[in-house]
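Reading through the structure tokens given below for one structure.
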Amino acid sequence: MHHIKALELKRLYQLRCVGVKYSDSRRVVNINNYNLPTSLQKLEEVVNDCHLCELSKSRIKSVFGEGNINSPIMFIGEAPGGSEDECGRPFVGRTGSLLAKIIETMLGCSREDVYITNVIKCRPPKNRVPTQSEVVSCRPYMLRQIEAINPKILVALGSSSYQFLTDDNTPISKIRGVVLEFGDKILIPTFHPSYLLRNPSAKKDAFLDFKKIKSYLENI
Ligand code: URA
């Protein structure tokens, strides 16, 4: 089975080498074209078995997402790192602890009460930024996840997450805390917790963003 998938992947690379291009993500409007299951459990199975991009070759585990599937709020990071790749869960390790602490202190709930995922479901080697074709391959999974969970508020953690969600290159320092529309939901970008670990002075801005998030949560 694994051998057949490796061959299929190789054929896709060959097509790309002779000039076949992935579709432009900005034109991907209807995720129904991907024929993805609507049930989260089935979708997770598809993700665990996905070989659409080369991250599938180096991953240990894919990281689908976890938390309360009835939550009105969903946190979306960039991609799994080393610890997440090992255990198959999003935001573990130091970055995850900080995210959990912020959720507890600012929103008054635990990480299990909200839903947490990433745009990209497999770890990029050495934690490099995912390529555009990886984003195009993986983003439909996240869009389907958003549809299935149907939260009212999406929180994009960091510039890559914001960019992959919206195709907008505005730096996170300019767009953070701004309340945006994302279909029938609202999207609030804020700093990535790993950025906050490296730049503790940015925490005060993140706290303002979370105050705003809290007030939106209270009013839905
Ligand atoms: N950084 C992310 O963006 N996601 C994780 O799951 C972990 C670290």
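One-based numbering, in listed order, for ligands and for the atoms of each. Computed from a prediction, not measured in an experiment: that's the story for all the values here. FYI, the numbering just counts along the sequence from 1. Just so you know, these numbers use all the heavy atoms, side chains as well, and skip hydrogens, waters and symmetry mates.
Residues satisfying the salt bridge (Lys or Arg N to Asp or Glu O under 4.0 Å) test with Lys152, not counting sequence neighbours, are none. With sequence neighbours excluded, the residues forming a side-chain contact (heavy atoms from CB on, under 4.5 Å) with Ser58 are Pro125, listed by chain and number.
Near ligand 1, heavy-atom contacts under 4.0 Å come from Gly77, Glu78, Ala79, Glu84, Pro90, Phe91, Asn118, His192.
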Going through the distances and angles, do Lys42 and Thr38 end up as a side-chain hydrogen bond (donor to acceptor under 3.5 Å, both in side chains)?
CA-CA 7 Å; Lys42 292 244 162 57; Thr38 47; over 6 Å; no

side-chain hydrogen bond (donor to acceptor under 3.5 Å, both in side chains) assessment of Ser39 paired with Gln41:
CA-CA 5 Å; Ser39 110; Gln41 199 188 334; 5.5 Å; no

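The distance from the CD1 atom of Ile149 to the CD1 atom of Ile73 is 12.5 Å, given to the nearest 0.5 Å.
Under the side chain to side chain donor-acceptor pair (under 3.5 Å) criterion, the residue pairs touching residues 79-99 are Glu66-Arg89, with sequence neighbours excluded.
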